[in-house]
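Just so it is clear, the model here is predicted, and its values are computed rather than measured. Below, chains carry the letters A, B, ... as their sequence lines are ordered, and counting in each starts from 1.
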Number of protein chains: 2
Amino acid sequence: MARAQFDREQVLENVTNAFWRLGYSATSMQTVFEKTGLKPGSIYLAFGNKEGLFKESLDHYTQQSLTRLEATLAQYTRVEEAIRHILCRFIEESCQAQYCSCFLVKSQLELGEHQVELKNHVSEQLRRVESLFYKYLLKDNSESAAQAKASSIMLHIFGIRVYGYHSHSRDQLLAALRLGLPWLGWSAEH
Amino acid sequence: MARAQFDREQVLENVTNAFWRLGYSATSMQTVFEKTGLKPGSIYLAFGNKEGLFKESLDHYTQQSLTRLEATLAQYTRVEEAIRHILCRFIEESCQAQYCSCFLVKSQLELGEHQVELKNHVSEQLRRVESLFYKYLLKDNSESAAQAKASSIMLHIFGIRVYGYHSHSRDQLLAALRLGLPWLGWSAEH
DNA sequence: ATATAACTTGAATGATTGTTCAACTTTTGC
DNA sequence: GCAAAAGTTGAACAATCATTCAAGTTATAT
């Protein structure tokens with residue numbers, strides 16, 4: 001029973017990157033072989049097929065994202081401050097040259113009738129993100145207020161992910177966030 | 001000089017629908033031939049290639065969208081009321097069974113390094129939409145306020161387009177819009 | 001009526017798609 | 001040390017991809 005000779009994490013890192021940038025359809029298995037240096041047989045034995053590989057990539061990405069979000073949310077005493085930090089980070093990301101939006105958002109919109117299972121899987125991951133915000137907002141809010149605020153946060157995040165993909169304008173996005181999320185208590189200067 | 005025997009508008013309608021639902025990569029020319037009933041030669045003579053066909057589809061969709069938006073904006077005396085109507089319409093759309101988000105948003109996120117020209121074209125169309133809101137908001141706002149409000153509207157629209165694609169929850173979206181866009185002056189009941 | 005330009009047809013192109021598999025190598029359990 | 005399990009290899013598969021083109025048809029201009 002020989003062990004796999006490749007680092008599964010490393011492989012998923014490369015594959016996720018390819019899927020993230022190019023999308024599910026536009027990423028060929030040929031591309032996967034090249035980015036990982038593995039041969040067809042190894043990939044198919046380890047991940048089943050393209051859908052399985054994509055699903056694991058999604059999980060890999062979600063895991064990283066949630067961990068990072070949770071860390072930031074736990075770091076600050078006031079939830080609003082943490083969320084502000086997260087949103088500002090997203091804006092900064094969107095201004096970088098190689099920005100390619102959010103893997104989950106892109107996948108959600110790309111997948112359709114032909115990949116229902118994958119699409120539902122993405123939806124589930126997005127709901128996990130919203131639940132995380134909801135959980136932290138519950139500390140200072142009623143259930144209905146926390147839900148509305150969590151949804152509003154998600155709307156703005158989705159907005160940044162799309163808007164930032166073609167605009168790259170930090171100030172415009174920041175002004176829009178200040179206007180749409182006044183309850184986050186933005187400071188006067190920044 | 002024989003005229004084309006097909007209705008260009010009708011063909012674009014069908015093709016747009018396919019691209020909209022399946023995306024650029026996942027829509028094969030074979031699909032195009034089937035949906036239109038035309039043979040390869042006719043399509044390639046009329047539209048050049050897949051990219052050209054996609055570009056015309058985008059323009060067809062943008063034309064229809066802008067016309068509809070402009071009509072609603074011109075219909076109401078108060079801009080805020082018009083925008084509220086538009087957003088509510090978007091929410092209603094997102095609750096329908098066959099909802100497939102916004103063609104421009106989906107394309108913006110799908111297109112990448114390999115279709116830079118197309119991607120820029122989509123960005124341009126999205127900017128036209130924002131400019132339309134900006135123009136109408138200028139009537140009652142300073143330039144900076146109108147810009148911030150237009151951006152905020154776009155963020156929320158993008159949000160609906162993504163959020164509505166996996167949630168289908170009318171009330172949640174509405175509550176989030178009321179929270180994020182209070183300056184639109186929502187009535188107490190609805 | 002005829003010449004010519006516009007358009008349609010459908011088979012064919014070579015490249016690329018996702019996936020399989022028999023042969024081979026490596027590691028493990030006993 | 002031996003057998004079996006696990007993993008690797010690289011060629012090969014049929015299917016589909018976007019696109020082309022020579023031949024045939026149609027409409028228009030003169």
Side-chain angles (χ1 to χ4, degrees), chain A residues 1-58 107 110-119 121, chain B residues 1-58 107 110-119 121:
Chain A
M1 332 145 171
R3 283 206 211 108
Q5 291 170 14
F6 58 86
D7 179 2
R8 199 178 172 95
E9 280 291 311
Q10 182 67 49
V11 166
L12 272 177
E13 191 79 22
N14 293 331
V15 173
T16 299
N17 201 269
F19 276 134
W20 187 358
R21 283 189 299 105
L22 303 171
Y24 177 72
S25 288
T27 303
S28 68
M29 293 303 288
Q30 185 62 35
T31 304
V32 170
F33 305 145
E34 288 163 6
K35 297 285 176 187
T36 61
L38 295 178
K39 311 290 171 179
S42 299
I43 294 283
Y44 276 86
L45 183 71
F47 301 98
N49 55 17
K50 192 183 178 183
E51 276 207 31
L53 185 58
F54 189 73
K55 198 166 182 173
E56 290 223 33
S57 290
L58 285 171
S107 302
E110 180 186 358
L111 301 174
E113 321 158 39
H114 295 310
Q115 310 99 356
V116 182
E117 199 182 341
L118 276 181
K119 191 190 155 189
H121 191 67
Chain B
M1 333 144 168
R3 283 206 211 109
Q5 291 170 14
F6 58 86
D7 179 3
R8 200 178 172 96
E9 280 291 309
Q10 181 67 49
V11 166
L12 273 176
E13 190 79 23
N14 293 331
V15 173
T16 300
N17 201 269
F19 277 134
W20 187 358
R21 283 189 299 106
L22 304 171
Y24 177 73
S25 287
T27 303
S28 68
M29 292 303 287
Q30 185 62 35
T31 304
V32 170
F33 305 146
E34 288 163 6
K35 298 285 177 188
T36 60
L38 295 178
K39 311 290 170 179
S42 298
I43 293 284
Y44 277 85
L45 183 71
F47 300 99
N49 56 17
K50 193 182 179 183
E51 276 206 31
L53 184 59
F54 189 73
K55 198 166 182 175
E56 289 223 33
S57 290
L58 285 171
S107 302
E110 181 186 358
L111 301 174
E113 321 158 39
H114 294 310
Q115 310 98 356
V116 183
E117 199 184 339
L118 276 181
K119 192 191 156 191
H121 192 67

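For A:Gln30, the side-chain contact (heavy atoms from CB on, under 4.5 Å) partners at least two apart in sequence or on another chain are A:Ser28, A:Phe33, A:Glu34. Taking the side-chain contact (heavy atoms from CB on, under 4.5 Å) definition, one finds that A:Asn49 meets it with A:Tyr44, A:Glu51, sequence neighbours left out. Residues passing the side-chain contact (heavy atoms from CB on, under 4.5 Å) test with B:Thr16, sequence neighbours excluded: B:Ser57, B:His60, B:Tyr61, B:Phe103. For the side chain to side chain donor-acceptor pair (under 3.5 Å) test, no residue two or more places apart in sequence or in another chain qualifies with A:Thr27.
A:Lys55 places no side-chain N or O within 3.5 Å of a backbone atom of A:Phe47 that could act as its donor or acceptor partner. Listed for the A:Glu110 side chain is no donor-acceptor partner under 3.5 Å among the backbone atoms of A:Gly23.
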Strictly under 3.5 Å: I want the nitrogen or oxygen pairs between protein and nucleotides 19-22 of chain D, one per line.
{"unit_1": "D:dT19", "atom_1": "OP2", "unit_2": "B:Tyr44", "atom_2": "OH", "d": "2.9"}
{"unit_1": "D:dT19", "atom_1": "OP2", "unit_2": "B:Lys50", "atom_2": "N", "d": "3.0"}
{"unit_1": "D:dT19", "atom_1": "O5'", "unit_2": "B:Tyr44", "atom_2": "OH", "d": "3.4"}

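For the pair B:Gln30 CD and C:dA12 C1', the interatomic distance rounds to 14 Å; values are reported in whole Å. Going from atom CZ of B:Phe6 over to atom P of C:dC7 covers 8 Å, rounded to whole Å. Across the protein-nucleic acid pair, A:Asp7 atom CG and D:dG7 atom P stand 14 Å apart, rounded to whole Å. Whole-Å rounding puts the A:Phe47 CZ to C:dT19 P distance at 14 Å. The distance from atom CZ of A:Arg8 to atom P of D:dA6 is 15 Å, rounded to the nearest whole Å. Rounded to whole Å, atom C1' of D:dA18 lies 16 Å from atom CZ of B:Phe54. Atom NZ of A:Lys39 is separated from atom P of D:dA11 by 9 Å (rounded to the nearest Å).
Checking the phosphate oxygens (OP1, OP2) of D:dT16, no side-chain nitrogen or oxygen of B:Ser28 falls inside 4.0 Å.
For A:Leu45, the side-chain atoms get nearest to D:dG7 when compared with the rest of C:dG10, D:dC17, D:dG7.
Residue contacts shown for A:Ser42 include a base, since a base heavy atom lies under 4.0 Å away. Counting non-hydrogen atoms under 4.0 angstrom, B:Thr27 reaches the backbone sugars and phosphates but no base.
Sorted by first and then second residue, the salt bridge (Lys or Arg N to Asp or Glu O under 4.0 Å) pairs with a member in residues 8-29 of chain B read A:Glu113-B:Arg21, B:Arg8-B:Glu56; sequence neighbours excluded.
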